[in-house]
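This report refers to the structure that appears directly beneath it.
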Number of protein chains: 4
Amino acid sequence: MTTNNGKPLQLAVVGLGYWGPNLVRNLHDVPGASLRWICDLREDNLERIGRRYPAVARTTSFDEVLSDPEVDAIAVATPVSTHFALASAALDAGKHVFVEKPLAATVDQAEVLARRAADAGLILMPGHTFLYSPPVTMIRELIEADELGDIYFISTSRVNLGLHQSDASVAWDLAPHDFSILRYWLGETPARVAALSRDCIVPGTPDVAFINLEFASGTIAHVEIAWLAPSKLRRTAIVGSRKMVVYDDTSNEPVRVFDSGVLPSDPTSFGEYKLTYRTGDIVSPRIEASEPLLLELTDFCNAIRSGAAPRSSSSIGVEVVRMIEAVDRSLAESGARVEVGAASEATL
Amino acid sequence: MTTNNGKPLQLAVVGLGYWGPNLVRNLHDVPGASLRWICDLREDNLERIGRRYPAVARTTSFDEVLSDPEVDAIAVATPVSTHFALASAALDAGKHVFVEKPLAATVDQAEVLARRAADAGLILMPGHTFLYSPPVTMIRELIEADELGDIYFISTSRVNLGLHQSDASVAWDLAPHDFSILRYWLGETPARVAALSRDCIVPGTPDVAFINLEFASGTIAHVEIAWLAPSKLRRTAIVGSRKMVVYDDTSNEPVRVFDSGVLPSDPTSFGEYKLTYRTGDIVSPRIEASEPLLLELTDFCNAIRSGAAPRSSSSIGVEVVRMIEAVDRSLAESGARVEVGAASEATL
Amino acid sequence: MTTNNGKPLQLAVVGLGYWGPNLVRNLHDVPGASLRWICDLREDNLERIGRRYPAVARTTSFDEVLSDPEVDAIAVATPVSTHFALASAALDAGKHVFVEKPLAATVDQAEVLARRAADAGLILMPGHTFLYSPPVTMIRELIEADELGDIYFISTSRVNLGLHQSDASVAWDLAPHDFSILRYWLGETPARVAALSRDCIVPGTPDVAFINLEFASGTIAHVEIAWLAPSKLRRTAIVGSRKMVVYDDTSNEPVRVFDSGVLPSDPTSFGEYKLTYRTGDIVSPRIEASEPLLLELTDFCNAIRSGAAPRSSSSIGVEVVRMIEAVDRSLAESGARVEVGAASEATL
Amino acid sequence: MTTNNGKPLQLAVVGLGYWGPNLVRNLHDVPGASLRWICDLREDNLERIGRRYPAVARTTSFDEVLSDPEVDAIAVATPVSTHFALASAALDAGKHVFVEKPLAATVDQAEVLARRAADAGLILMPGHTFLYSPPVTMIRELIEADELGDIYFISTSRVNLGLHQSDASVAWDLAPHDFSILRYWLGETPARVAALSRDCIVPGTPDVAFINLEFASGTIAHVEIAWLAPSKLRRTAIVGSRKMVVYDDTSNEPVRVFDSGVLPSDPTSFGEYKLTYRTGDIVSPRIEASEPLLLELTDFCNAIRSGAAPRSSSSIGVEVVRMIEAVDRSLAESGARVEVGAASEATL
């Protein structure tokens with residue numbers, strides 16, 4: 001592993017489509033990082049983005065990037081079908097790798113990548129940006145501090161008039177957000193999944209899905225994702241035994257904590273339950289404004305330097321792909337309840 | 001069937017617990033109706049409610065009500081486990097019957113009641129009050145007029161810090177609202193159901209459920225119900241091919257119509273889809289303020305006079321119970337996807 | 001003063017128009033109070049309201065009420081032009097008096113009534129119901145506890161598609177609400193007033209007014225009142241040196257406390273100010289649901305028994321009329337800034 | 001006047017403090033415009049901004065800009081106290097001038113500038129960006145099309161935890177926004193103004209003001225501006241005889257049209273008014289997303305080419321300063337109602 005002894009890390013961004021330019025822009029603000037290459041198959045993308053950054057080298061050849069010994073790390077922002085090949089080659093070339101979410105197109109691919117990175121002592125980081133969003137982080141802290149109590153259930157909706165992708169379902173496009181968040185908050189992968197979807201617009205491409213999740217801890221969750229709703233809706237309710245949180249990242253008050261709930265009590269001698277309701281204040285805590293993508297890329301660079309796994313670890317990346325694959329299996333069996341499967345030891 | 005020739009209909013209300021007093025109060029405002037009896041096993045309930053209505057006779061004996069030949073119709077507001085016995089006896093005594101939702105505790109019971117009422121030429125009406133709620137009616141009219149286009153999917157949440165019932169699950173308590181509304185809007189019973197639930201507070205009594213529904217027409221729906229959320233949430237999104245509607249009966253603007261969506265288009269010669277997005281105005285139509293329960297009881301009395309089925313028909317009542325039973329079957333099979341089953345001919 | 005030694009207070013309600021029936025209904029729930037008479041010039045009002053309360057005597061003669069020695073107190077809910085005559089007569093007859101807001105049609109009348117009641121040892125209470133509204137009370141407590149710091153300014157809007165009154169301007173109709181609340185919160189009457197109004201619909205009857213208020217303490221306030229806005233708006237912002245409160249009694253969260261503001265600091269040696277901004281949490285405190293009118297009438301009865309002034313005191317009643325008169329004077333002088341005038345000693 | 005015959009207009013931006021960099025950035029996107037110079041007294045500002053635009057010349061000397069014969073127009077984004085001197089010099093040098101709002105520090109200065117530009121056949125444009133905001137434009141169109149009917153009153157609040165300016169009051173800082181919008185919507189300058197303000201934080205610098213405005217047409221308006229409110233509030237209600245509009249540029253639905261109101265009617269033979277209330281739909285029209293500053297600068301360049309006055313004309317610029325001066329006069333006379341004064345002919 002390169003430690004760089006104070007020298008800025010040299011990075012390359014591969015893929016300048018929808019998301020890549022955001023990586024390019026933010027990398028310029030990461031302390032101790034230097035963007036050395038941008039790489040895309042299309043000359044016009046290179047020209048359009050490169051014009052603003054005259055100091056950055058441009059190439060249409062991924063091999064040229066790989067063979068540059070000065071390059072420490074490569075950020076891959078290409079279609080998911082190419083993630084495995086590009087990330088493998090980068091790891092083989094001894095480069096640390098950041099891959100846009102989802103990490104790979106199958107669990108097998110994701111696990112191979114994770115193992116290869118671990119064996120080589122390289123950082124492999126999937127781009128689960130929401131793990132660096134201040135509201136998501138705050139809720140994780142509330143859960144960790146047991147402020148919410150036991151998590152009874154989580155219900156989340158992520159719908160809007162979306163970018164239809166011809167090569168991916170709504171599950172591969174939107175579920176990685178919610179699945180990575182759930183994995184981060186709960187620290188566990190669901191045991192079972194059952195999903196219902198429909199391909200309203202393009203035959204064969206699901207554009208709405210209702211996904212039920214069961215966790216070994218007892219927590220249950222529902223994830224609703226859709227590309228078809230004209231009004232953007234981002235709403236997650238986390239109902240715990242102590243408090244409830246509503247998270248809406250389109251709101252000026254993205255986190256609202258409701259200090260109320262049902263107080264469970266022991267059954268009386270006659271087997272009856274007496275329930276007490278507690279109602280209290282609602283608090284919208286102050287949330288620090290910060291750019292999640294910048295925090296994410298900074299964490300990547302820090303991980304390269306320290307050798308420790310970043311928050312958005314390869315393990316989380318593998319688990320998210322595992323969850324999406326389970327959704328696909330459930331859909332293939334007409335919505336049957338399917339086992340998600342356990343992580344193999346190597347990836348945890 | 002009694003036609004009453006201009007004489008006010010004579011009614012009795014049986015059961016003065018949580019909901020019965022609302023029936024008592026509203027019956028006083030129904031034109032052409034006269035409340036003759038209130039009946040409850042508990043003297044203190046009779047005294048508390050009866051005090052305000054000195055002209056209404058009180059009794060703890062249901063038989064006394066049944067044997068009064070002046071009584072045209074009986075409104076039953078007792079626990080669901082007693083619906084079948086009370087409604088059966090009332091029909092046998094030649095009385096029209098209004099039964100609080102759900103109509104009965106099993107599909108078999110509900111079907112027997114519906115058949116018996118039909119054979120006797122009596123009205124049997126379940127109390128699906130939401131079918132008389134002006135926002136629900138307006139949305140039904142939008143759907144009927146094809147304003148929304150094909151209904152792609154419906155997603156609905158009904159959660160709040162609820163009244164825990166020891167004798168019923170959240171599905172028997174809250175789902176009748178959503179199921180009756182869906183049946184009324186779509187005019188079809190779902191073909192298949194898969195449900196996930198949890199008993200967070202009282203072991204054995206589910207207090208949160210995520211229910212996925214598939215309709216033969218292709219529409220899919222998700223119904224989320226819970227007793228555990230401190231913040232009351234009533235939100236239904238109906239996404240059609242032309243427009244989307246958001247319905248929230250806790251809002252000052254309970255119906256909002258979004259004139260935007262995805263325009264599907266034919267595949268090009270190369271098999272690609274070009275999608276066009278259309279965005280437009282949002283309209284909150286004026287909704288007439290009226291008391292649904294009063295409209296419902298008026299419809300009951302009108303049905304008695306005309307002999308025509310009320311909007312909240314026995315057929316809808318049976319179908320709602322069929323849906324709840326299917327939810328229970330799915331839950332019993334750990335969330336498996338189950339067939340809802342077809343209505344027998346007699347009840348449609 | 002009657003103390004009643006445990007005997008229920010005997011009350012009469014005079015005036016059964018818009019507001020009187022609310023007094024009648026709530027008086028039935030006040031502990032230790034008994035409604036003995038309802039009085040109205042119109043037989044149909046007496047019949048309509050009296051039907052529900054067979055035990056209450058009815059009369060069209062105010063004198064009959066006055067001459068009943070059993071009557072302890074009279075609640076007057078008649079047009080403001082009659083308040084002085086009716087309240088005077090009631091005080092002369094030795095009755096405690098509750099008068100709907102505003103207390104009287106002029107400051108002179110209000111002061112005479114207040115003095116007369118004081119001299120006779122009788123309670124005179126204007127019906128400023130908002131002083132018993134839980135959100136208003138909570139904000140008063142926040143101010144008293146110095147949670148908000150110095151009150152820099154208050155801005156309030158009370159607009160909706162209103163009940164046009166032919167005999168009163170929007171200032172006499174709506175301003176008593178805001179003026180009584182301001183008086184209660186700040187504990188002072190404004191020193192100066194300047195108002196701008198317009199008679200949009202009925203010539204000569206202002207239906208919108210913008211009122212600027214200056215208090216001796218330095219606090220400034222703006223009160224906007226209108227009958228013409230289709231959307232009901234109730235919004236009050238109280239900006240203090242420590243915290244800000246937004247109060248909206250149409251909201252599910254009627255009080256929101258913003259823990260943020262500008263930190264004033266001493267000028268530097270160069271005469272410059274360095275300002276620090278502080279942002280923090282937003283809290284919606286739990287507000288107890290209670291019926292303000294019931295609390296108000298209970299306070300009236302308690303005041304009769306204890307002899308202590310009720311929260312909505314005759315002094316506040318006089319000050320509110322003084323503020324409205326000042327508004328009228330300003331309007332008569334085309335919006336000039338006018339002195340409100342000091343209370344005479346007798347009424348404080 | 002230069003017409004440029006298809007050659008791009010050559011511009012300079014003077015002042016790179018808070019707002020100037022936005023002009024620099026947007027000018028790069030204006031068709032037919034070319035940024036030639038950036039000018040600031042501070043080298044570090046030139047370096048910081050200039051780095052991103054290597055093709056743009058930098059100077060600390062305003063004279064260098066003035067003496068460049070290639071420069072067609074100069075955009076001034078310096079403190080208001082310098083507007084007159086810089087704009088005068090630019091006009092004298094034969095350059096078109098764009099000046100950040102407010103146009104000048106006094107009405108006299110503003111009128112001199114406007115006259116000088118007119119005499120020289122040069123465009124003088126104040127930077128009233130809100131006149132190019134799509135919601136503001138849409139409301140102007142609704143008013144023009146008589147959709148709202150007579151404008152009864154306008155009430156507007158613009159408050160937030162603001163940027164305190166040591167050299168200006170809240171009136172000079174924030175009122176230009178609302179005053180320019182009102183002028184644009186109503187097409188008239190108010191006849192009279194009365195204002196109340198307070199200097200809560202910095203002695204001598206008003207940071208909150210309540211401003212009442214009377215227009216010759218009968219419309220009245222209230223403008224509330226403050227730097228002290230922790231929660232950003234932008235809310236304008238325009239109440240017309242036909243419809244009401246609520247405009248909130250912090251909302252996802254910035255314009256909401258309420259189709260309801262009071263229907264005025266003729267007095268009956270007995271001199272009484274019968275009022276009818278009409279309630280209807282609420283519509284949030286689709287608003288095109290576009291960058292107001294880009295539209296504004298494009299209008300400036302188009303005005304230079306066509307010779308026609310831009311929407312944000314020098315005349316509006318003069319009137320806005322006239323309104324602010326009237327506010328200052330009212331404040332100097334302790335809130336007295338003052339005449340705004342008529343425009344001299346030369347500037348209209």
Side-chain angles (χ1 to χ4, degrees), chain C residues 150 152-153 155 157 159 161-162 164 166 192 194-198 200-203 205 207-208 210 212-214 218-222 224 226-231 233 235 237 239 241 243-244 246 256 258-265 267 272-273 275 277-280 282 333-337, chain D residues 150 152-153 155 157 159 161-162 164 166 192 194-198 200-203 205 207-208 210 212-214 218-222 224 226-231 233 235 237 239 241 243-244 246 256 258-265 267 272-273 275 277-280 282 333-337:
Chain C
D150 290 341
Y152 287 151
F153 65 91
S155 168
S157 295
V159 299
L161 207 58
H164 253 81
S166 48
R192 276 169 299 279
L196 176 60
S197 79
R198 188 177 178 191
C200 304
I201 307 294
V202 180
T205 302
D207 36 32
V208 50
F210 301 133
N212 288 338
L213 306 168
E214 298 167 63
T219 299
I220 64 173
H222 178 72
E224 172 185 353
W227 280 328
L228 294 171
S231 173
L233 177 64
R235 191 181 188 284
V239 177
S241 56
K243 292 185 182 175
M244 174 169 113
V246 172
R256 309 202 74 211
F258 293 74
D259 183 11
S260 45
V262 177
L263 297 179
S265 59
E272 290 197 347
Y273 283 81
L275 297 177
Y277 297 89
R278 186 175 45 83
T279 57
I282 304 169
E333 297 177 36
S334 305
R337 182 172 169 255
Chain D
D150 290 342
Y152 287 150
F153 65 91
S155 168
S157 295
V159 299
L161 207 58
H164 253 82
S166 49
R192 275 168 301 278
L196 176 62
S197 80
R198 187 174 178 192
C200 304
I201 307 294
V202 180
T205 302
D207 37 32
V208 50
F210 300 133
N212 287 338
L213 306 168
E214 298 166 63
T219 299
I220 64 175
H222 178 73
E224 172 185 355
W227 279 329
L228 294 171
S231 173
L233 177 64
R235 191 181 189 283
V239 177
S241 56
K243 292 184 182 175
M244 173 169 114
V246 171
R256 307 203 74 210
F258 294 74
D259 184 11
S260 46
V262 177
L263 296 179
S265 59
E272 290 197 346
Y273 282 81
L275 298 176
Y277 295 89
R278 187 175 45 82
T279 57
I282 305 170
E333 297 177 36
S334 304
R337 181 171 169 255

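Residue numbering restarts at 1 for every chain, and letters A, B, ... go by the order of the sequence lines. If you're wondering where the values come from, they're calculated on a predicted model, not measured in any experiment.
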For this session: Between chain D and each of C:G218, C:A336, C:S157, count heavy-atom pairs under 4.5 Å; write down the option with the most.
Result: C:G218
Seminar exercise, completed: If one checks every heavy atom of C:I282 against chain D at 4.5 Å, the contacting part turns out to be neither
For this session: Go through the steps to decide whether C:T205 and C:W227 satisfy the test side-chain contact (heavy atoms from CB on, under 4.5 Å), and finish with yes or no.
Result: CA-CA 11 Å; C:T205 302; C:W227 280 328; 3.9 Å; yes
Exercise. Where is the tightest heavy-atom contact between C:A221 and D:L196, given as atom of each residue plus distance?
Worked result: O-CD2, 4.2 Å
Exercise. Is it the side chain or the backbone of D:S334 that comes within 4.5 Å of chain C heavy atoms, both, or neither?
Worked result: both
Problem set entry | Residue part contacting chain C, namely of D:R337, when any heavy atom lies under 4.5 Å | side chain
Exercise. Between D:D150 and D:S241, is there a donor-acceptor pair closer than 3.5 Å when you use the side chain of the first and the backbone of the second?
Worked result: no
For this session: Please lay out, stage by stage, how D:D207 and C:Y152 fare under the test side-chain contact (heavy atoms from CB on, under 4.5 Å).
Result: CA-CA 10 Å; D:D207 37 32; C:Y152 287 151; over 6 Å; no
